[in-house]
Number of protein chains: 2
Amino acid sequence: MTKTILDRLEAQGLRMTDQRRTIAQVIEQASDHPDVEELHARANALDARISLATVYRTVKLLEEMGILDRLEFGDGRARFEDSQRDHHDHLIDMDTGEVIEFCDPEIEALQEKIARRLGYHLQGHRLELLGRKIKG
Amino acid sequence: MTKTILDRLEAQGLRMTDQRRTIAQVIEQASDHPDVEELHARANALDARISLATVYRTVKLLEEMGILDRLEFGDGRARFEDSQRDHHDHLIDMDTGEVIEFCDPEIEALQEKIARRLGYHLQGHRLELLGRKIKG
DNA sequence: ATAGTTGCAAAGTCTTTGCGGAAAT
DNA sequence: ATTTCCGCAAAGACTTTGCAACTAT
């Protein structure tokens, strides 16, 4: 079992504020890919005292701690997801913008193999497919 | 054999200006992943009358025409490469930031397969690996 | 009491755009 | 002659940051 985000913040000597508690909760409950504005909206629904700047700061902090993954789907803003979720990749529907998650062990293994072939230890990876729905 | 960027611009009824000629030349000669500022610098070395705004406009135009691919390596600015170059993916050296290109037919095929399995026609794809050099 | 956090607003970075002048067709 | 394009500077979108007030320890 993994430690909560809050435990990990405390372990680093960082202070437990209501803002961080709330933002952490929002992130842990999210199963999608919210951007900062969306995180701010969700956090504010729980506690109106949370500023956008604090969300930016917290998200940056969590990313540096490896708790959050930052994603960019090409629309200029960063999106986030809990890095403890099982690894998965994304397929983006070019017509609707919908993001479909998928995971394929074969492709994961292949990525490892390729990195090794190039003389690298794989530390992270991101695969994004762009597609259009097959009709019929 | 593929048409030049200039031919394709003309074919769309767009005007051939010195700026576009120069920017097209810079892009065709690039074998790396320049950002807009870098493209501007290279273009300006050939012709000082090219503004940054024009580079932005041209790059956007070329991207919409499918001539250029826009890449994002997570540092906030867009990078570009000629989309006519053989498809390849990128491995980013986490320590140096160096970008290594590679191509693996197996992984390409697998991507197609996955997209189809999800009910999609694959229109584009991007794979980025992050790694650290294996020592010894 | 002390050092870390926050909110606010200002500033930063990258990109887009309105406009009058310039150039391509 | 028209219509498109360019340079410039202003504006936009997203993100970061300086500072004084606040708060967890």
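First the proteins, then the strands, lettered A, B, ... as listed; each starts at 1.
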For a 4.5 angstrom cut-off between non-hydrogen side-chain atoms, does A/Glu38 reach A/Arg42?
yes

Atom CZ of A/Arg15 and atom P of C/dT2 are separated, to the nearest Å, by 13 Å

Rounded to whole Å, the CE-P distance (A/Met16 to D/dC22) equals 22 Å

For the pair A/Arg117 and B/Asp104, find out whether any cationic side-chain nitrogen is under 4.0 Å from an anionic carboxylate oxygen.
yes

Among the nucleotides C/dT17, D/dT17, D/dT15, whichever has the atom closest to the side chain of B/Ala53 is C/dT17

A/Arg79/A/Glu72 under side-chain contact (heavy atoms from CB on, under 4.5 Å): CA gap, chis, key distance, verdict:
CA-CA 6 Å; A/Arg79 293 161 178 281; A/Glu72 282 166 46; over 6 Å; no

Roughly, in whole Å, what's the span from CG in B/Leu9 to C1' in C/dT25?
15 Å

Heavy atoms only: give me the nearest B/Arg15-B/Arg20 pair and the separation to one decimal.
O-NH1, 3.0 Å

Could you tell me whether the phosphate oxygens of D/dC6, OP1 or OP2, come under 4.0 Å of any side-chain nitrogen or oxygen in B/Thr17?
yes

Here the distance between atom C1' of C/dT13 and atom CG of B/Asp35, to the nearest Å, is 12 Å

Go through the N and O atoms of the side chain of B/Arg77 and the base of C/dT15, and report whether any donor-acceptor pair is under 3.5 Å.
no

If only side-chain N and O atoms of B/Lys60 are considered, is one of them under 4.0 Å from the OP1 or OP2 phosphate oxygen of C/dT16?
yes

Below 4.0 angstrom from OP1 or OP2 of C/dT5, is there any side-chain N or O of A/Thr54?
no

Return the value, rounded to whole Å, for the distance between atom CD of B/Gln19 and atom P of D/dT4.
17 Å

Which whole-number value in Å describes the distance from B/Leu52 CG to C/dT16 P?
11 Å

Remember a base hit wins even if backbone is also touched, and classify A/Arg20 as base, sugar-phosphate or nothing at under 4.0 Å, heavy atoms.
sugar-phosphate

For A/Glu64 and D/dT16, what is the distance between atoms CD and P respectively, to the nearest whole Å?
9 Å

Rounded distance in Å - CG (A/Leu61) to P (D/dT16)
12 Å

